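Structure record follows, encoded as structure tokens.
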Amino acid sequence: MKLDRSFYDRPTLKVASDLIGKVLVRRLDGRNLAGRIVETEAYIGPLDLASHASKGKTPRTSVMFGPPGVSYVYMIYGVYFCLNAVTESEGNPAAVLIRAVEPLENIRVMRTLRYNPLRDTNIASGPGKLCMAMSIDKSLNAVDLESRKLWIEDRSLQVDAIETSPRIGVDYAGEYKDKPWRFYERSNPHVSRVRPNRNEFRT
DNA sequence: GCAATGATGCACT
DNA sequence: GTGCATCATTGCG
């Protein structure tokens with residue numbers, strides 16, 4: 001069943017970890033493209049220097065300041081899109097970035113949208129990749145996550161242990177860059193970095 | 001198996 | 001004009 005607004009209207013770190021194991025569904029041309037969420041990141045509020053919302057309310061980020069349970073889609077590096085779910089109450093800008101899913105339904109369609117990668121683990125193992133695999137672009141920005149085009153549902157799927165790490169690609173965020181606000185399912189090969197903690201074992 | 005790099009649009013200064 | 005919540009490819013070894 002679809003997650004409703006009350007799910008997202010909670011502390012962002014909780015929403016981010018609870019989203020692991022939920023199912024992201026994109027309805028496209030009469031078919032449901034579905035994937036089990038295996039990796040997320042929390043952007044917890046205006047004080048979080050890694051969050052787009054830390055720069056204040058702008059046309060791009062305004063959706064983060066709105067009600068929870070709404071999509072926030074933005075373009076990155078001029079090439080890719082990233083999908084977030086807005087969290088927390090209206091006026092409190094925060095969101096969870098959906099970073100990777102494990103393809104579940106209509107995998108063949110998703111594979112084609114990704115130009116036929118060799119392995120399943122390369123279909124949606126990253127925020128840009130999953131948007132490509134599910135045909136998510138700017139036209140799906142600011143849509144309700146209970147809409148008919150895009151939603152997240154709870155299928156009571158079993159989840160392995162959830163691990164955390166610093167968020168990816170936020171080295172500019174000062175004291176916030178090392179906050180362990182990335183969540184992923186242990187040993188799941190669809191996570192964007194299969195050995196996310198490898199740096200810990202280096203000098 | 002890495003690290004380095006280019007692609008590319010657009011929001012914001 | 002700057003820089004980005006990324007990815008695929010290259011070139012190395």
Side-chain angles (χ1 to χ4, degrees), chain A residues 8 12-13 15-17 19-20 24 35 37-66 70-88 93-101 103 110-142 145 152 164-184 189-203:
Chain A
Y8 303 97
T12 304
L13 292 170
V15 176
S17 62
L19 277 175
I20 304 296
L24 176 67
I37 296 170
V38 298
E39 180 182 354
T40 62
E41 282 178 3
Y43 291 83
I44 68 165
L47 299 178
D48 176 1
L49 293 176
S51 173
H52 295 165
S54 68
K55 301 269 167 64
K57 189 173 181 176
T58 67
R60 180 177 64 147
T61 64
S62 63
V63 62
M64 288 181 80
F65 290 74
V70 175
S71 69
Y72 167 44
V73 179
Y74 65 90
M75 174 172 267
I76 185 70
Y77 299 107
V79 188
Y80 304 106
F81 294 96
C82 292
L83 170 68
N84 297 250
V86 173
T87 60
E88 313 249 3
V96 174
L97 172 66
I98 314 294
R99 283 193 58 91
V101 303
M110 288 190 268
R111 177 186 295 278
T112 302
L113 285 165
R114 283 275 296 135
Y115 306 104
N116 300 307
L118 290 173
R119 301 144 99 251
D120 278 7
T121 51
N122 196 27
I123 292 177
S125 52
K129 297 180 193 176
L130 90 82
C131 284
M132 241 183 290
M134 292 189 157
S135 195
I136 292 167
D137 62 20
K138 203 83 196 297
S139 70
L140 285 171
N141 184 43
L145 287 174
I152 301 174
T164 66
S165 83
R167 295 170 292 182
I168 308 293
V170 296
D171 286 349
Y172 57 85
E175 62 188 298
Y176 285 88
K177 81 180 177 70
D178 294 319
K179 300 286 186 187
W181 293 342
R182 172 174 178 250
F183 301 85
Y184 56 92
H190 298 271
V191 167
S192 65
R193 295 188 178 182
V194 178
R195 281 180 188 64
N197 291 320
R198 69 182 145 68
N199 290 331
E200 293 179 9
F201 301 102
R202 290 186 178 169
T203 53

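Chain identifiers are assigned alphabetically (A, B, ...) following the order of the sequence lines, protein sequences preceding nucleic acid strands; residue numbering begins at 1 within each chain. In this text, all values refer to a predicted model and were calculated from it rather than measured experimentally.
Listed by chain and residue number, nothing satisfies the salt bridge (charged side-chain N to carboxylate O under 4.0 Å, His left out) test with A/Arg114 (two or more places apart in sequence, or in another chain). Checked against salt bridge (charged side-chain N to carboxylate O under 4.0 Å, His left out), A/Asp178 has no partners two or more places apart in sequence or in another chain.
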Bracket string, DNA chain C, 5' to 3' - pairs by Watson-Crick or G-U geometry under 3.5 Å, | interstrand
||||.|||||||.
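Rounded to an integer number of Å, the gap from CG of A/Asn141 to P of B/dC10 is 14 Å.
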In residues 38-47 of chain A, what donor-acceptor pairs under 3.5 Å come from side-chain atoms, sequence neighbours left out?
unit_1: A/Glu39; atom_1: OE1; unit_2: A/Ser192; atom_2: N; d: 2.6
unit_1: A/Glu39; atom_1: OE1; unit_2: A/Ser192; atom_2: OG; d: 3.0
unit_1: A/Glu39; atom_1: OE2; unit_2: A/Arg99; atom_2: NE; d: 2.8
unit_1: A/Glu39; atom_1: OE2; unit_2: A/Arg182; atom_2: NE; d: 2.8
unit_1: A/Glu39; atom_1: OE2; unit_2: A/Arg182; atom_2: NH2; d: 2.9
unit_1: A/Glu39; atom_1: OE2; unit_2: A/Ser192; atom_2: OG; d: 2.8
unit_1: A/Thr40; atom_1: OG1; unit_2: A/Ala16; atom_2: O; d: 2.9
unit_1: A/Glu41; atom_1: OE1; unit_2: A/Tyr43; atom_2: OH; d: 2.6
unit_1: A/Glu41; atom_1: OE2; unit_2: A/Ile168; atom_2: N; d: 2.8

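Within the structure, side-chain hydrogen bond (donor to acceptor under 3.5 Å, both in side chains) contacts touching residues 167-176 of chain A (residues at least two apart or in different chains) are A/Asp48-A/Arg167.
By the 4.5 Å heavy-atom criterion applied to side chains, A/Tyr74 and A/Ile76 are counted as neighbours. Using a 4.5 Å heavy-atom threshold, the side chains of A/Leu13 and A/Trp181 count as touching. Looking at heavy atoms from C-beta onward, A/Tyr184 lies in side-chain contact with A/Ser165 at the 4.5 angstrom threshold.
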Using atom names, set out every protein N or O paired with an N or O of nucleotides 4-7 of chain C below 3.5 Å, distance rounded to 0.1 Å.
unit_1: C/dA5; atom_1: OP1; unit_2: A/His52; atom_2: NE2; d: 2.5
unit_1: C/dA5; atom_1: OP2; unit_2: A/Tyr172; atom_2: OH; d: 2.6
unit_1: C/dA5; atom_1: N9; unit_2: A/Tyr74; atom_2: OH; d: 3.2
unit_1: C/dA5; atom_1: N7; unit_2: A/Ala50; atom_2: O; d: 3.4
unit_1: C/dA5; atom_1: N7; unit_2: A/His52; atom_2: NE2; d: 3.0
unit_1: C/dA5; atom_1: N1; unit_2: A/Asn84; atom_2: OD1; d: 2.5
unit_1: C/dA5; atom_1: N3; unit_2: A/Tyr74; atom_2: OH; d: 3.1
unit_1: C/dT6; atom_1: OP1; unit_2: A/Arg99; atom_2: NH1; d: 3.3
unit_1: C/dT6; atom_1: O3'; unit_2: A/Gly128; atom_2: N; d: 3.4
unit_1: C/dC7; atom_1: OP1; unit_2: A/Pro127; atom_2: N; d: 3.3
unit_1: C/dC7; atom_1: OP1; unit_2: A/Gly128; atom_2: N; d: 2.9
unit_1: C/dC7; atom_1: OP1; unit_2: A/Lys129; atom_2: N; d: 3.0
unit_1: C/dC7; atom_1: O4'; unit_2: A/Tyr80; atom_2: OH; d: 3.1

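Atom OG of A/Ser54 is separated from atom CE of A/Met64 by 9.0 Å, given to the nearest 0.5 angstrom.
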